[in-house]
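Heads up, the thing below is written out as structure tokens.
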Amino acid sequence: MATGNLASVVVAVDGSEESMNALRWALDNLRLRPDGALVVLHVQPPPSIAAGLNPGPIPFGGPSEVEVPAFTQAIETHQRRITQAIMDHALKICSEKNVEVKTDVVVGDPKEKICEVTANLKADLLVMGCRAFGPLKRMFLGSVSNYCINNVTCPVVVIKGT
């Protein structure tokens, strides 16, 4: 699929082996214009999503919303470390193939942010990995790749896991 007419390609990585395989595929198979850019994108979920926590009210008449700054800060620090490890792994793959890339890290809901960044960059192509969920799991858990396929304005290449 080598082409020299792509100006902007976004590769979404989340640390999974499928996303890193998608990055390898893009590096091995795509050729960009000389002024083109391959952007490695990671979407870091907000602390409440990452932790699966939404503090409920304290029982027996306590305040209805409790903010625990130290806890939130610890989650954010942990997420930054995870994000850094993911980006370091992705950049190592790129350096092994002698390809320079741009990186972008945003915070939010992955499916929405991938679509938003892809649109803002006017990407010619989005490349991403996909876990091999069956139809039942996909129905209950959702699929970031399915959402992106149906909501981005550019073609999407999905590299499926086993």
Side-chain angles (χ1 to χ4, degrees), residues 1-52 72-73 75-133 135 137-162:
M1 180 183 192
T3 179
N5 201 26
L6 297 171
S8 178
V9 173
V10 174
V11 181
V13 296
D14 63 2
S16 69
E17 196 55 38
E18 292 85 4
S19 72
M20 295 304 166
N21 286 338
L23 176 60
R24 287 182 188 94
W25 181 89
L27 295 170
D28 289 342
N29 292 287
L30 300 176
R31 300 293 168 255
L32 278 67
R33 294 191 324 217
D35 62 338
L38 191 142
V39 178
V40 177
L41 170 66
H42 175 68
V43 181
Q44 179 178 300
S48 61
I49 292 174
T72 302
Q73 185 179 12
I75 291 172
E76 289 172 350
T77 300
H78 181 68
Q79 284 181 278
R80 281 193 296 275
R81 283 194 302 259
I82 291 170
T83 294
Q84 189 61 53
I86 290 168
M87 296 308 283
D88 288 348
H89 186 194
L91 290 172
K92 182 175 183 258
I93 291 169
C94 296
S95 71
E96 288 169 355
K97 305 223 179 238
N98 294 318
V99 176
E100 286 188 33
V101 298
K102 295 181 179 180
T103 60
D104 194 3
V105 175
V106 294
V107 176
D109 180 4
K111 64 183 184 285
E112 293 173 5
K113 289 297 184 179
I114 291 170
C115 294
E116 183 182 303
V117 169
T118 302
N120 289 345
L121 292 174
K122 296 178 177 57
D124 297 312
L125 186 66
L126 169 63
V127 180
M128 58 193 318
C130 174
R131 294 181 182 95
F133 286 154
K137 259 189 181 176
R138 182 162 288 150
M139 181 173 66
F140 287 107
L141 297 176
S143 168
V144 173
S145 58
N146 278 355
Y147 183 91
C148 292
I149 288 167
N150 291 305
N151 289 284
V152 296
T153 56
C154 66
V156 180
V157 173
V158 179
I159 306 300
K160 291 194 177 187
T162 55

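What you see is a predicted model, and the numbers here were worked out from it, not measured in a lab.
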Apply side-chain contact (heavy atoms from CB on, under 4.5 Å) to L30 and V127, showing your working.
CA-CA 10 Å; L30 300 176; V127 180; 4.1 Å; yes

Give me each pair satisfying salt bridge (charged side-chain N to carboxylate O under 4.0 Å, His left out) with a member in residues 147-158, each pair once, sequence neighbours excluded.
none

If you define the side chain from C-beta out and look only at heavy atoms, does anything of M128 sit under 4.5 Å from V11?
no

H42 and I86 have their tightest heavy-atom pair at CE1-CD1, 3.5 Å

Between V156 and C148 the two heavy atoms that sit nearest each other are CG2-O, 4.2 Å

Can you tell me how far CG of L121 sits from OG of S8, rounded to the nearest 0.5 angstrom?
5.0 Å

Nearest 0.5 angstrom please: D109 CG to I114 CD1, how far?
9.0 Å

S19 versus G15, closest heavy-atom pair with distance
OG-N, 3.5 Å

Do you know the tightest heavy-atom contact between G108 and P46?
O-CD, 3.6 Å

Could you give all pairs that pass the salt bridge (charged side-chain N to carboxylate O under 4.0 Å, His left out) test and reach residues 114-130, with sequence neighbours left out?
K113-E116

Are any non-hydrogen side-chain atoms of V99 and L38 less than 4.5 angstrom apart?
no

At their closest point, which heavy atom of A7 faces which heavy atom of L32, and how far apart are they?
O-CD2, 4.2 Å

Do D14 and P110 come within less than 4.5 Å of each other through their side chains, counting heavy atoms only?
no

Rounded distance [0.5 Å steps], CD1 in I159 versus CG in N21
8.5 Å

Is there a side-chain contact between K111 and N146, using heavy atoms and a 4.5 Å cut-off?
no

Quick one: closest heavy-atom pair of C130 and S145, and the distance?
SG-OG, 3.4 Å

Do you see a donor-acceptor pair shorter than 3.5 Å between the side chains of R80 and T83?
no

So V40 and L91, do their side chains get closer than 4.5 Å, heavy atoms only?
no

Rounded to the nearest 0.5 Å, what's the gap from CG on N5 to CZ on R33? Could you check?
6.0 Å

From V13, D104, L41, residue fulfilling side chain to side chain contact (heavy atoms under 4.5 Å, CB included) relative to M87:
V13

Any non-hydrogen side-chain atom of V152 less than 4.5 Å from a side-chain atom of V10?
no

Going by the side chain to side chain contact (heavy atoms under 4.5 Å, CB included) test, name the single residue among L125, V39, T118, V157 that passes it with V9.
L125

Among E18, E17, E96, find the residue that satisfies the salt bridge (charged side-chain N to carboxylate O under 4.0 Å, His left out) test when tested with R24.
E17

Any chance you could measure I149, atom CD1, to C115, atom SG, to the nearest 0.5 Å?
10.5 Å

